[in-house]
There are 2 protein chains.
Amino acid sequence: MAEQRPQRMTRQRRIILEELRKLKSHPTADELYDAVRERLPRISLGTVYRNLDVLQENGEVLKLESAGSQKRFDGDTHPHYHVRCVHCGRVGDVENEVAELDVTGFSAPGFTITGGTVEFYGICDLCRERGAPSRPDGPQGRQ
Amino acid sequence: MAEQRPQRMTRQRRIILEELRKLKSHPTADELYDAVRERLPRISLGTVYRNLDVLQENGEVLKLESAGSQKRFDGDTHPHYHVRCVHCGRVGDVENEVAELDVTGFSAPGFTITGGTVEFYGICDLCRERGAPSRPDGPQGRQ
DNA sequence: CTGGATGCAAAGGTTTTGCACGCTA
DNA sequence: TAGCGTGCAAAACCTTTGCATCCAG
């Protein structure tokens, strides 16, 4: 479990958390920064990053990583699957309930498998409307 | 499908592909760069990136964008699952065969789901030996 | 020959960090 | 009051790109 060091609930931290929970878009750090800045005009992007790290360590937010592009954040920690748009990288929530993935029986040399999840991909409505190809340059696309 | 434009098999491209297929470690671009440089000391990292892009568009290599900070590449395009070490980001191959994931029945507002895959996570032997925690700073870890 | 590919270096985009000051508990 | 958190700016990191030159077909 994550070590929960003593922490303070500063105005910045509270508002970052509130805005992230308000946004359903799984924003990137700078998108969240834009939202937070409407309430705290002098906040810095570094503070947003630092707080997202702390909040993630405390299990209050989810950091959705996609190597090499921008990370996205989710204020909803209730277990659910995500879809990622292969064209623009946007992330959405899958409505279906998550099924417990039974990891026993799976093995990988050099590794101890502890868990697994399903990752969905697809295309978001905005990209679809624009007539974007479903596979821009591979299964992942870029942001 | 990926449009396969006319392309040349340069020495650089061929050796990059050979080295990537030789490595079972799912290297990052700069790890592959190191390997390739032993045979082509004057190659540039930019060339490695450019060729990995081309090779990926042609379906000859896989770009693993799953998570971590750096992208990793796989010269084995045969369908298989991956495990990622939550501590160091290393990626391994899962031995089990892949099962076709039935995506019908899954839905996400604002998205059209086209596919999905299982992503395993765990801890690699090197990190285990070092006594690394299984959750360094969240479920993703960093490279 | 021709135009895709390369090497080099600079730029680009995202995230992290050092530091002095501020503010929560 | 103690020491975590902040704003600012610089640095670190990874990846892409402009350009002159090279070379595979």
Side-chain angles (χ1 to χ4, degrees), chain A residues 3-17 26-34 36-37 39-58 60-61 63-73 88-91 136-138 140-143, chain B residues 3-17 19 26-34 36-37 39-58 60-61 63-73 88-89 91 136-138 140-143:
Chain A
E3 199 54 51
Q4 183 139 355
R5 283 170 306 165
Q7 63 168 234
R8 297 175 183 176
M9 185 48 67
T10 59
R11 228 151 77 81
Q12 288 84 339
R13 184 163 299 165
R14 180 173 48 77
I15 292 182
I16 286 169
L17 189 51
H26 309 83
T28 58
D30 66 291
E31 286 167 354
L32 182 56
Y33 173 55
D34 286 343
V36 169
R37 231 178 342 173
R39 294 173 61 188
L40 293 174
R42 296 194 55 75
I43 198 174
S44 74
L45 182 55
T47 294
V48 172
Y49 274 107
R50 273 183 295 228
N51 276 295
L52 285 171
D53 267 356
V54 171
L55 291 169
Q56 187 230 200
E57 278 166 34
N58 294 339
E60 300 186 76
V61 311
K63 191 188 282 189
L64 313 177
E65 306 201 35
S66 172
S69 30
Q70 289 182 78
K71 292 179 178 64
R72 290 176 171 274
F73 297 86
C88 70
R90 248 181 291 263
V91 169
D137 56 346
Q140 310 290 348
R142 58 186 57 157
Q143 147 75 7
Chain B
E3 200 54 52
Q4 182 137 355
R5 284 171 304 164
Q7 64 168 232
R8 297 175 183 176
M9 185 48 67
T10 58
R11 228 151 78 79
Q12 289 85 338
R13 184 163 299 164
R14 180 173 47 77
I15 293 180
I16 286 169
L17 189 50
E19 290 302 314
H26 310 82
T28 59
D30 65 292
E31 285 167 354
L32 182 57
Y33 173 56
D34 287 342
V36 169
R37 230 177 344 171
R39 295 173 62 187
L40 293 174
R42 298 193 55 75
I43 198 173
S44 73
L45 181 55
T47 295
V48 173
Y49 273 108
R50 273 182 295 226
N51 275 295
L52 287 170
D53 268 357
V54 171
L55 291 168
Q56 190 232 197
E57 278 166 34
N58 295 340
E60 299 185 77
V61 311
K63 193 187 280 190
L64 313 177
E65 319 202 23
S66 42
S69 41
Q70 294 180 75
K71 292 186 177 69
R72 289 176 173 273
F73 298 86
C88 69
V91 169
D137 56 346
Q140 310 290 348
R142 60 185 56 158
Q143 146 78 5

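This one's a predicted model, so the numbers in the text were calculated from it and none came from an experiment. The chains referred to below are lettered A, B, ... by the order of the sequence lines, with proteins before strands, and numbering in each begins at 1.
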State, yes or no, whether a side-chain contact exists between Gln70(B) and Asp30(B) at a heavy-atom distance under 4.5 Å.
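Side-chain contact under 4.5 Å: yes.
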Are the side chains of Asp53(A) and Lys63(A) in contact, using a 4.5 Å heavy-atom criterion?
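Contact flag for Lys63(A)/Asp53(A) side chains = yes.
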Taking Arg72(A) for the side chain and His26(A) for the main chain, is one N or O donor matched with an acceptor at less than 3.5 Å?
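Here the side-chain-to-backbone pair exists.
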Would Val61(B) and Ile16(B) count as a side-chain contact (heavy atoms from CB on, under 4.5 Å) here? Give the steps.
CA-CA 11 Å; Val61(B) 311; Ile16(B) 286 169; over 6 Å; no
Of the listed nucleotides [options], the one nearest the side chain of [X]:
X        : options                  : result
Leu45(A) : dG5(D), dG7(C), dT15(C)  : dT15(C)
Gln70(A) : dT15(C), dT24(C), dT6(C) : dT15(C)
Thr47(A) : dT6(D), dT15(D), dT16(C) : dT6(D)
Arg13(A) : dT15(C), dT6(D), dC8(D)  : dT6(D)
Ile43(A) : dG7(C), dT6(D), dG7(D)   : dG7(D)

Rounded to the nearest angstrom, tell me the gap between atom [atom1] in [X] and atom [atom2] in [N].
X        : N       : atom1 : atom2 : answer
Asn58(A) : dC4(D)  : CG    : C1'   : 13 Å
Tyr49(B) : dA9(C)  : OH    : P     : 18 Å
Leu32(B) : dC14(D) : CG    : P     : 15 Å
Tyr33(B) : dC14(D) : OH    : P     : 14 Å
Asp53(B) : dT16(D) : CG    : C1'   : 9 Å
Arg14(B) : dA5(C)  : CZ    : P     : 15 Å
Arg39(A) : dT6(D)  : CZ    : C1'   : 17 Å
Glu57(A) : dT16(C) : CD    : P     : 11 Å

N/O contacts under 3.5 Å, protein versus nucleotides 19-23 of chain D?
none

Using the closest heavy atom to pick a nucleotide of DNA chain D for each, name whichever of Thr10(A) or Thr10(B) lands nearer the 5' end.
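The answer here is Thr10(A).
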Would you mind telling me which residue lines up with the more 5' stretch of DNA chain D, Phe73(B) or Gln12(B), judged by nearest nucleotide?
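Counting from the 5' end, the first nearest nucleotide belongs to Phe73(B).
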Only counting residues at least two apart or in another chain, list the ones meeting side chain to side chain donor-acceptor pair (under 3.5 Å) with Arg13(B).
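Result, side chain to side chain donor-acceptor pair (under 3.5 Å) vs Arg13(B): Asn51(B).
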Categorize Asn51(A) for me: base, sugar-phosphate, or nothing, with a 4.0 angstrom heavy-atom threshold over every strand shown.
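Sugar-phosphate, backbone atoms only, no base.
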Drop me the distance from Glu19(B)'s CD to Leu17(B)'s CG, to the nearest 0.5 angstrom.
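Separation between the atoms: 10.0 Å.
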Output, in order, the C-alpha distance, side-chain angles, deciding distance and verdict of side-chain contact (heavy atoms from CB on, under 4.5 Å) for Thr47(A) and Val36(A).
CA-CA 11 Å; Thr47(A) 294; Val36(A) 169; over 6 Å; no
